[in-house]
2 protein chains.
Amino acid sequence: MTSTNMRMKAPTTADVAREAKVSKAQAARALGGYGAVSEEVMTRVQAAAERLGYRPNELARSMNTGRSNTLGVIVGDIENPHFGLALRGISDVAREAGYHVILSNSDEQVAIEQEAVRVMLEKRVDGIIVAPCSSAASHNPHLAQVLAEGRALTLFDRAVYDMDVEVIGVDFTRTAQQATQELLEAGHRRIAYVTSMNCAEPYRSPEDMGLTPVAQRIAGMEQAFRVAEVPFAPTLIKPNALDDAAVARIVEELFADAAPPTAVIASDSLIAQSLMREFHLRGLRIPQDLSFVMYDNFPWTEIVSPPLSVIAQPVYEMGCEAARRIIAQIRGQDPGPMPAFETRYIRRGSTGPAPR
Amino acid sequence: MTSTNMRMKAPTTADVAREAKVSKAQAARALGGYGAVSEEVMTRVQAAAERLGYRPNELARSMNTGRSNTLGVIVGDIENPHFGLALRGISDVAREAGYHVILSNSDEQVAIEQEAVRVMLEKRVDGIIVAPCSSAASHNPHLAQVLAEGRALTLFDRAVYDMDVEVIGVDFTRTAQQATQELLEAGHRRIAYVTSMNCAEPYRSPEDMGLTPVAQRIAGMEQAFRVAEVPFAPTLIKPNALDDAAVARIVEELFADAAPPTAVIASDSLIAQSLMREFHLRGLRIPQDLSFVMYDNFPWTEIVSPPLSVIAQPVYEMGCEAARRIIAQIRGQDPGPMPAFETRYIRRGSTGPAPR
DNA sequence: TTGAAAGCGCTAACAT
DNA sequence: ATGTTAGCGCTTTCAA
């Protein structure tokens with residue numbers, strides 16, 4: 001900043017070239033780190049660049065290389081620590097590899113997701129990582145478009161019906177079954193599952209849920225019921241828990257029933273918090289009156305009282321892997337085999353025997 | 001996608017122009033929505049674009065307009081819900097205004113922050129919102145650089161010494177004083193404050209903390225002590241609580257003392273969780289043995305037991321305002337007066353009378 | 001209203 | 001190793 005010229009425009013390779021008394025091309029080579037440059041010229045150019053306060057224009061660079069070194073990430077809700085953690089993994093790996101991250105929030109709305117994809121494509125991102133909206137029904141031409149335009153695509157958490165792309169996710173079936181089995185063994189017969197997934201109500205069968213983790217979770221539950229030879233009640237599967245009001249309505253429905261649930265499973269931490277507030281309002285004690293399980297093992301679940309039984313998944317590592325794989329894909333390298341992400345059920349104080 | 005050509009390259013304005021039988025310039029005008037275009041030509045061009053699956057190249061566009069319609073956001077830790085919420089506010093407003101968000105995580109390290117700024121400047125972002133690293137000492141040439149290159153800059157949460165830029169933040173002094181006063185009135189005499197801020201130990205005076213919220217919080221505490229005419233112990237101010245290990249060390253120090261604290265205030269939710277785990281390990285009951293207050297009012301603080309007394313700040317709204325103001329700044333509009341963000345102390349179950 | 005042509009700042013191909 | 005000359009896909013003069 002010592003000797004910045006009064007000129008308003010930022011110095012370009014041409015300016016540096018003039019200052020260093022070399023050709024524009026040679027200056028560009030030195031600055032861009034490509035081609036052959038003599039040591040002599042290299043130092044002269046660097047000194048000139050320093051003097052002028054030159055800063056490369058990534059836009060111009062991207063324009064003729066075709067690569068922007070940018071990843072687009074579209075998540076349902078940045079506010080949700082689940083995505084916060086995933087994002088952290090993605091951005092750590094991306095930064096390490098020299099990629100930048102453009103972020104978009106879909107609010108779980110397909111229209112916004114589509115718009116975000118469009119914008120990212122126009123910005124010429126090299127690849128997009130998306131946690132697609134959890135609407136089971138719709139097809140996804142906007143995602144197909146990403147591939148059609150030769151950009152890399154990786155799905156996070158959720159697969160979609162109509163395409164064959166890599167998905168970073170875990171298989172919840174086994175762990176969901178295990179958790180349910182433990183609840184069944186503790187005498188629970190009516191176990192509810194509350195999810196934010198958009199879905200026509202009432203829920204009927206896992207197919208309503210598409211290829212989502214939610215479907216796996218329910219499938220695991222059903223399996224446990226089948227094994228235990230206990231009839232499974234689909235009416236206790238409650239989708240559309242999009243906000244506090246929706247959760248309130250769901251709890252209302254659940255406990256208006258002649259045979260209310262004795263155990264409730266929350267699909268994510270936001271829903272869990274909302275549910276617990278409702279339970280508290282109704283004076284339901286955990287685990288005496290109601291057993292409670294939530295997905296995702298966040299630190300606060302250990303310090304609440306009773307500490308929450310949770311189903312843990314390695315969200316940060318999954319974020320890292322998502323970034324690692326899409327970057328490999330972009331570079332045309334082999335991403336290697338997909339690691340098996342482990343989920344596990346951690347029994348803590350929020351689950352207990354069913355009330356008599 | 002019905003009639004995509006086999007050509008590998010994406011269609012450009014030139015292709016559309018040829019297809020629509022107009023000049024390149026005219027096609028570009030129609031597509032870009034600028035200049036004068038007859039209705040006749042407009043429809044022909046749009047039809048042609050549709051047929052070809054044309055998609056504007058934002059990079060090229062940015063290159064000659066100089067505006068990229070992009071905001072850079074640098075936060076200390078995306079994983080921290082505080083920033084998650086702020087980010088949500090920023091991205092909601094940005095999207096609404098047609099801006100994209102590039103995200104970077106500084107990990108609270110100045111070197112990474114500087115690198116992030118450099119990269120964003122090279123990407124020609126229109127403005128940068130940064131929650132500067134909480135190192136009180138250092139000057140910030142990299143931030144000054146942002147202004148020097150004519151880009152907008154807004155600080156979030158923290159101000160910096162050596163420059164005059166807008167800061168989105170709250171004044172904690174009053175609320176910190178109020179909370180402290182209540183603790184003093186409840187008989188507490190030794191009140192500790194634990195923060196992740198980088199700072200030479202031991203802490204001596206608020207000046208060590210620079211223009212940060214941390215300084216305000218401590219100043220508020222000191223004020224309350226002064227008013228109550230109780231001597232204030234600087235040794236109970238504990239900076240550098242960067243991770244679980246650091247928190248463990250701090251708790252160790254705090255309770256190795258002959259006169260341990262009877263109340264502890266956590267600077268953020270991550271530290272709070274870490275602290276509570278340590279307290280639990282030591283068998284310290286809250287609030288019987290120890291009163292506890294944390295900054296930020298997150299939903300889970302209501303459902304832990306006892307529910308936590310917190311100091312609330314409108315993080316989401318602050319994120320929105322940060323985006324709103326920097327966009328106004330970019331557009332050369334008047335951002336209007338800075339709203340007064342309110343903080344308040346919410347007394348819940350984690351605070352009580354000091355143990356005898 | 002339209003078109004031709006000149007850039008934006010860089011990389012890439014081709015000389016030398 | 002260096003210089004010359006084209007572009008990349010768009011916006012922007014400047015004429016017509």
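Model, not experiment: these values are computed from the prediction.
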Gap between atoms [atom1] and [atom2], on [X] and [N] respectively (whole Å):
{"X": "B:Met42", "N": "C:dT2", "atom1": "CE", "atom2": "C1'", "value": "14 Å"}
{"X": "B:Arg18", "N": "C:dA4", "atom1": "CZ", "atom2": "P", "value": "13 Å"}
{"X": "B:Lys123", "N": "C:dG9", "atom1": "NZ", "atom2": "C1'", "value": "15 Å"}

Checklist entry - Quick one: is A:Ser23 getting a side-chain N or O under 4.0 Å of the D:dG3 phosphate, OP1 or OP2? => result yes
Checklist entry - Under 4.0 Å: is that the gap between some side-chain N or O of B:Gln26 and OP1 or OP2 of C:dT2? => result yes
Checklist entry - Backbone N or O of B:Arg124 within a donor-acceptor pair of the B:Ser68 side chain at under 3.5 Å? => result yes
Next on the checklist: Can you confirm whether the side chains of A:Glu50 and A:Gln46 place a donor and an acceptor under 3.5 Å from each other?
Outcome noted: no
I'd like to know if [X] pairs up with [Y] as an ion pair, taking the criterion as any Lys NZ or Arg NE/NH1/NH2 lying under 4.0 Å from an Asp or Glu carboxylate oxygen.
{"X": "A:Arg331", "Y": "A:Asp126", "value": "no"}
{"X": "B:Arg61", "Y": "A:Glu122", "value": "no"}
{"X": "A:Glu166", "Y": "A:Arg324", "value": "no"}

Checklist entry - Can you give one letter per nucleotide of nucleotides 8-16 of chain D, going 5' to 3': B for a protein heavy atom under 4.0 Å from the base, S for sugar-phosphate only, - for none? => result BBBBBB---
Item to check | Whether over 12 other heavy atoms sit under 6.0 Å from A:Glu39 CD | outcome: no
